[in-house]
Amino acid sequence: MKILDRYLGTTVAGSTLIVMLILLALFFFMDFIDELGDVGKGNYGLLQAMQYVLLGQPRRVYELFPLAALLGSMVGLGWLAGNSELVIIRAAGVSVLQIILSVMRIAVIMMLAVFIIGEMVVPPAEQYAQSQRSIALSDRITLKTDYGFWTRDGRSFINIRNILPGDRLGDIYIYEFDAQHQLRVATHAAKAHFEDNHWVLEDIQQSQVSNDGVTTRTTKRAAWESLLSPELINVVAIKPEKLSTWELHNYINYLSDNGQNTQRYELAFWIKIISPLVTGVMVFLAIPFVFGPLRAVGMGQRIVVGSLVGITFHLFNQTFSQAGLIYDLNPLFSALVPVSVFFALALVLMRKVH
């Protein structure tokens, strides 16, 4: 059985890799064409666009892995079926259950790969890509660090520790310098929100530096005129889907402690937790298709059917997730239903396999 496990696993993994490379090439071209619209703005040139798209490939791998696993499994197992190798394996006394277990062993490895890519590769790559893109597009965004965003606005340098939903900021530091580059005013605001085309700071502590010393004052609320717009901040703000589960967990706790709505981030958290299971379900779903209705069809038909199933799952998953946000459904429920439906479909089709 070890030889069989290795053979089936190598076949499925190899075909999945080929499908993934084809999908990545297609999406790389589409992403690069899309980025060409911003080439020429600021310092954003062809090399910067190429770098941004290349850094986005780990995210594409993470997003496309379930579809690649489905198509790869259907192509690999279909190739074995087309060469009558599955018939020979069955004739040698190997049951369908044993074949399923052999295939699912490689699926577990794929699930682990999805988890590692989503947790350790995608977040830093996305954050670096967004930061570099923002620097090239605007000379006001200068640096993103573990302590938030550093922004230049004229003679002022601004440090924003937290970017919140709804054009709101938290934990803002503003350092104002004079023409001789001497620090004159240091301001800290607990939070800020955007209204009537300007920022409003709240819970302000301000220190004014002069030759006579430092004067400190506190203000409950004050208007803040700045070239820094919510749109510019959103350029560098990382979407919740691109954060790691640990970062999402910490951010959810922060929003909860501040009485903010966490549903969108909780949904992203559970989707990331369940994402490796989606890959496993897609591999499992491919098995009854190959042994059942697609046993005698050509490779092209298998690819078409697999693509349709993958697209259907993606659309259903996106639709149900958005419906969950609109109708205030439990985030875990919203994330779990699509994969559960397709797992149930796989079980139903599996009952027809002989």
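Note that these values count all heavy atoms, side chains included, but never hydrogens, waters or copies made by symmetry.
In the model, E195 has a side-chain atom that pairs as donor or acceptor with a side-chain atom of H193 under 3.5 Å. Side-chain contact of Q206 with T187: a donor-acceptor pair under 3.5 Å is present, judged by distance alone.
Between D171 and K191, no side-chain nitrogen of the basic residue sits less than 4.0 Å from a carboxylate oxygen of the acidic one, so the salt-bridge criterion is not met.
Looking at heavy atoms from C-beta onward, M350 lies in side-chain contact with I100 at the 4.5 angstrom threshold. Inter-residue side-chain proximity for Q57 and F27 is flagged as unmet; no heavy-atom pair is nearer than 4.5 Å. The shortest distance between side-chain heavy atoms of L101 and D5 does not fall below 4.5 Å.
Heavy atoms only, all atoms of each residue included: L77 and L86 are closest at O-CD1, 3.7 Å. Minimum heavy-atom separation, P338 to N317: CG-OD1, 3.4 Å. Of all heavy-atom pairs spanning T262 and S256, the tightest one is CG2-N, 3.8 Å.
Q263 contributes atom CD, which lies 10.0 Å from atom CD1 of I326 (distance to the nearest 0.5 angstrom). To the nearest 0.5 Å, atoms OG (S244) and NZ (K272) are separated by 7.0 Å. Taking CD1 from I271 and OG from S334, the interatomic distance works out to 8.0 Å, rounded to the nearest 0.5 Å.
With F177 as the aromatic partner, R184 does not meet the cation-pi criteria of under 6.0 angstrom to the ring centre and within 45 degrees of the ring axis.
The aromatic rings of W224 and W199 sit tilted relative to each other, their planes meeting at an angle between 30° and 60°. The aromatic rings of F342 and F313 sit perpendicular, their planes meeting at an angle over 60°, well past the 30° parallel limit.
Under the 6.0 Å cut-off for aromatic ring centres, Y175 and F157 do not qualify, their centroids lying 6.0 Å or more apart.
Using a distance-only test at 3.5 Å, with no hydrogens or angles considered, no donor-acceptor pair links the side chain of H181 to the main chain of D178. Checking side-chain atoms of E176 against main-chain N and O of L183 turns up no donor-acceptor pair under 3.5 Å.
For F29, the CZ atom sits in a loose shell: 12 or fewer heavy atoms of surrounding residues, nucleotides or ligands are nearer than 6.0 Å.
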